[in-house]
Amino acid sequence: MTDVVFLVVSLLTVFFAILALESRELVYGAVALSLSFLGVAGLFILLDSLYIAIFQVLVYVGSIAILIVFVIMLVRREKWANVTGGNERILGIIAAVLLFSTMTYFSLSSGLTSQYPNPTAIPNFYEIGSQLINDYWLILQLTGLALAVSIIGALTMAKFENR
Amino acid sequence: MNLLEPLINYFILSSALLCVGIYGLIAKRNAIRLLFSVEIIINAAIINFVAFARYHDTPLITGQTFSLFAIALAATEAAVGLAIIVQAFRLNNDIDVLELKRLRG
């Protein structure tokens, strides 16, 4: 049962990721990208990490996708509907297929095993919080600083200037 | 229905997402599509973090903590990247990355 759900969700995720890059209209690409992020959130639920799934939906689907849609409205041009990459496209497909087949081959022959497919004690939210505060407090502070700096930088760069 | 080992399943899925992102980085010229590709690659990395932590011999929480940091940093990256795209559009009236040559000297 879990395998069927995993297969469907992962196929949908990869399909929407490809559609995000290949759709003719950029806005449909943004919608497909947010659907792909939702698929990744479903995979996190399958991996017993509900908190990360909630965080993924909040940050990616809730803010990044909306931000991308607004920026698309600002910078939309008609010419992108007929741009088809020629050589770069073939080169990209070749590189992606080569890399994917290599990684699949080596991962299948690597003998990686899942030690405990069904662990009895799955770590819960409390441990994430205590680890954030006790072990990684410095990284937490630095992440907050990076968020603040990036927001200030984005505001400074995108500030409207009357010229 | 039984697939392979779960860990290998997740690894293959994340490498597929990585390859889709690399294809986008190579083939696309629209700056927003390049940003899409980077976000897809970051998602692939986060799936690896969570899957390897989940199937560790003693289930770890560190992978989930690190993926929280990764998601937060991806948000900052998207904000700054979109601001750069808006500014480039304002300067050049286009977001084709092959046409942005103003800094070339």
Side-chain angles (χ1 to χ4, degrees), chain A residues 3-4 6 10 14 17-18 20-21 26 29 33 40 43-44 47-49 51-52 55-56 59 63-64 67 71-72 74-75 77 80 85 88-89 91-93 95-96 99-100 103-104 107-108 112-117 119 122-123 127-128 131-132 136 139 143 146-147 150-151 153-154 157-158, chain B residues 1-13 15-20 22-24 26-30 32-33 35-37 39-40 43 46-47 50-51 54-57 59-62 64-65 67-69 71-76 78-80 82-87 89 94-95:
Chain A
D3 278 347
V4 179
F6 170 77
S10 59
V14 177
I18 295 174
L21 294 177
L26 203 51
L33 189 75
V40 175
L43 289 171
F44 289 153
L47 281 168
D48 297 322
S49 43
Y51 187 67
I52 306 298
F55 206 73
Q56 167 98 2
V59 174
S63 68
I64 290 183
L67 194 63
V71 171
I72 287 173
L74 283 179
V75 302
R77 293 287 299 269
W80 290 108
E88 295 97 353
R89 186 170 182 171
L91 189 70
I93 290 176
L99 185 64
F100 179 64
M103 288 178 82
T104 307
S107 68
L108 285 181
L112 272 180
T113 50
S114 319
Q115 311 271 359
Y116 284 98
I122 296 165
E127 295 183 40
I128 296 181
Q131 206 171 39
L132 275 182
Y136 300 112
I139 307 179
T143 311
L147 270 169
S150 80
I151 290 174
M157 250 185 298
Chain B
M1 181 178 164
N2 210 356
L3 293 170
L4 310 164
E5 287 286 330
L7 188 52
I8 295 183
N9 287 340
Y10 283 102
F11 185 77
I12 289 176
L13 168 70
S15 58
L17 279 182
L18 172 74
C19 293
V20 170
I22 284 177
Y23 160 71
I26 293 176
K28 296 299 169 185
R29 287 163 49 197
N30 192 330
I32 291 185
R33 294 229 199 256
L35 202 70
F36 285 5
S37 313
E39 298 294 334
I40 290 171
N43 259 296
I46 295 171
I47 288 175
V50 178
R54 163 70 171 73
Y55 291 113
H56 194 261
D57 48 0
L60 285 172
I61 202 76
T62 321
Q64 297 189 29
T65 314
S67 54
L68 284 185
F69 292 131
I71 292 175
L73 288 179
T76 68
V80 175
L82 288 171
I84 290 174
I85 289 175
V86 170
Q87 194 67 20
F89 182 78
D94 200 357
I95 51 171

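Every heavy atom of this structure was used, including side-chain atoms; hydrogens, water molecules and symmetry mates were not. All chains are named by letter (A, B, ...) in the order of the sequence lines, taking the proteins before the strands, and each is independently numbered beginning at 1. Remember, it's a predicted structure, so these values are computed and weren't measured experimentally.
When the candidates B:Val50, B:Leu17, B:Val80, B:Asn43 are compared by the number of heavy-atom contacts under 4.5 Å with chain A, B:Asn43 comes out ahead. Counting heavy-atom pairs under 4.5 Å between each of B:Ile84, B:Leu73, B:Leu68 and chain A puts B:Leu68 at the top. Among B:Ile22, B:Ile40, B:Leu35, B:Leu18, the residue making the largest number of heavy-atom pairs under 4.5 Å with chain A is B:Ile40. With chain A as the partner, the residue from B:Ala16, B:Ser67, B:Ala78 showing the most heavy-atom pairs under 4.5 Å is B:Ala16. Ranked by non-hydrogen atom pairs under 4.5 Å with chain B, the options A:Leu99, A:Ile151, A:Ile128 are led by A:Ile128.
Of the atoms belonging to A:Ala95, it is side-chain heavy atoms, and not backbone ones, that fall under 4.5 Å from chain B. In this structure, chain A has heavy atoms under 4.5 Å from both the backbone and the side chain of B:Phe36. Looking at B:Ile32, only its side chain comes within 4.5 Å of chain A, counting heavy atoms on both sides. Residue A:Ile72 touches chain B through both its backbone and its side chain, counting heavy-atom pairs closer than 4.5 Å. Within the 4.5 angstrom heavy-atom criterion, atoms from both the backbone and the side chain of A:Ser107 approach chain B. Contact of A:Ile139 with chain B is made through backbone and side chain together, with heavy-atom distances under 4.5 Å.
Across every non-hydrogen atom of A:Leu21 and B:Gly24, the tightest pair is CD1-CA, 3.7 Å. Nearest heavy-atom pair, A:Leu147 versus B:Ala72, reported as atom, atom and distance to 0.1 Å: CD2-O, 4.3 Å. Listed here is the closest heavy atom pair of B:Ser15 and A:Met103: CB-CE, 3.6 Å. Nearest heavy atom pair, residue B:Ala79 against residue A:Leu67, reads CA-CD2, 4.1 Å. Pairing each heavy atom of B:Phe69 with each of A:Thr143, the nearest pair is CD2-OG1, 3.4 Å. Scanning both residues, B:Arg54 and A:Leu47, for their nearest heavy atoms gives CD-O, 3.3 Å.
If you take CG on B:Leu13 and CG on A:Leu43, they are separated by 5.5 Å, rounding to the nearest 0.5 Å. Distance CG/A:Leu33 to OG/B:Ser37: 9.0 Å, rounded to 0.5 Å.
Within the 4.5 Å cutoff, side-chain heavy atoms of A:Ile52 are placed close to those of B:Ile71. Counting only heavy atoms from C-beta outward, the side chains of B:Leu82 and A:Ile64 never approach each other to under 4.5 Å. Counting heavy atoms from C-beta outward, A:Tyr51 and B:Thr65 have side chains that stay 4.5 Å or more apart. You'll find the side chain of B:Ile46 stays beyond 4.5 Å of the side chain of A:Val40, heavy atoms only. Side-chain contact check for A:Phe6 versus B:Asn9: some heavy-atom pair is nearer than 4.5 Å.
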>> Determine whether A:Val71 and B:Phe89 satisfy the following criterion, side-chain contact (heavy atoms from CB on, under 4.5 Å), listing intermediate values before the conclusion.
In response: CA-CA 10 Å; A:Val71 171; B:Phe89 182 78; over 6 Å; no
>> Determine whether A:Met157 and B:Val86 satisfy the following criterion, side-chain contact (heavy atoms from CB on, under 4.5 Å), listing intermediate values before the conclusion.
In response: CA-CA 9 Å; A:Met157 250 185 298; B:Val86 170; over 6 Å; no
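A:Arg89 places no side-chain N or O within donor-acceptor distance of the main-chain N or O of B:Tyr23, the cut-off being under 3.5 Å.
Partners of A:Thr104 according to the side chain to side chain contact (heavy atoms under 4.5 Å, CB included) rule, which considers only residues two or more places apart in sequence or in another chain, are A:Phe100, A:Leu108, B:Ile12.
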